[in-house]
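Scroll down for the structure; my scribbles are underneath it.
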Amino acid sequence: EGNVVRIVDGIYPNPWAIRELALASQFLPRRDYVGLCSLRHQPPGVQGLIERTFGCRALAWENDSETDRRANGAFFIPDPTDPAAAARIHYDAPSAWMTLLVYLTPNVLPQSGTSFWRHRRTGLVAVPPCRALSKHMCEPAQSVETLLSEGGDRRHWQELIRVENMFNRAVLFASAS
């Protein structure tokens, strides 16, 4: 359906150590993310592990400033003050990048995880380049805003794929999905 999703179970050799690092992190809201986000953590060897596991090269690997707005290496948790946020349909950016997430919560509900959706009215499964948006809806800025505003209402969406949340499972997909 246009979504390429790669799944690897058992990505980290010692996931409990990574989980402890995550639990000890400070989490803050970021207006451009769903939930709360930590500062980035990029332990030595993680970039190589990802590249070997997925057979690709990480061309953009931020490892400098703590104030970098990218989420590369950050931990995420639901925002307890906004319980609906986790269920809000969204996309990750930049759209030309890949998103990699690793589930680090053991014993979760089977229905939790990551879903990929199709917008019912437009048929979109990802945010297209700006030049293509008017073909689907209207002006590019208005189109994206419309899609985002409908992200909280599942009646506008059809679930295509759901990847179950399993401890130490990695999921790689196109960011705009």
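Residue Phe54 comes nearest to Arg6 through the heavy atom pair O-NH1, 2.7 Å, listed as atom of the first residue, atom of the second, then distance. The two residues Ala74 and Cys37 come nearest to each other via the heavy atoms CB-SG, 3.6 Å. In plain terms, the two heavy atoms of Leu104 and Pro15 that are nearest each other are CD2-O, 4.0 Å. Nearest heavy-atom pair, Leu49 versus Pro13, reported as atom, atom and distance to 0.1 Å: CD2-CD, 4.3 Å.
Of the possible polar contacts, none joining the Ser112 side chain to the Asn165 backbone as a donor-acceptor pair under 3.5 Å is found. Under a 3.5 Å cut-off, the side chain of Arg120 and the backbone N or O of Arg155 do form a donor-acceptor pair.
Rounding to the nearest 0.5 Å gives a distance of 9.0 Å between OG of Ser25 and CD1 of Ile77. Between Arg162 atom CZ and Trp117 atom CH2 the span is 6.5 Å, to the nearest 0.5 Å. Rounded to the nearest 0.5 angstrom, Arg57 CZ and Arg52 CZ are separated by 14.0 Å. Rounded to the nearest 0.5 Å, atoms CG (Leu100) and CD1 (Ile11) are 6.5 Å apart. Considering CG of Leu160 and CZ of Arg118, their distance stands at 5.0 Å, rounded to 0.5 Å. A distance of 9.5 Å separates OG of Ser38 from CD of Gln26, quoted to the nearest 0.5 Å.
Relative orientation of the Phe173 and Phe116 rings is perpendicular, given thresholds of 30° and 60° on the angle between their planes.
No single ILVMFWY cluster, assembled from side-chain heavy atoms under 4.5 Å apart, contains both Phe75 and Met166. With hydrophobic clusters built from ILVMFWY side chains whose heavy atoms lie under 4.5 angstrom apart, Phe27 does not share a cluster with Leu23. Linking ILVMFWY side-chain heavy atoms closer than 4.5 Å, directly or via other members, places Val102 and Val108 in two distinct hydrophobic clusters.
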Trace of the side-chain contact (heavy atoms from CB on, under 4.5 Å) decision for Ile7 with Arg169: CA-CA 7 Å; Ile7 300 166; Arg169 170 177 275 179; 3.5 Å; yes
Check against side-chain contact (heavy atoms from CB on, under 4.5 Å), Glu164 and Tyr103: CA-CA 10 Å; Glu164 186 178 336; Tyr103 300 120; over 6 Å; no
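In terms of the side chain to side chain contact (heavy atoms under 4.5 Å, CB included) criterion, residue partners of Asn14 (sequence neighbours excluded) are, by chain and number, Trp16, Ala17.
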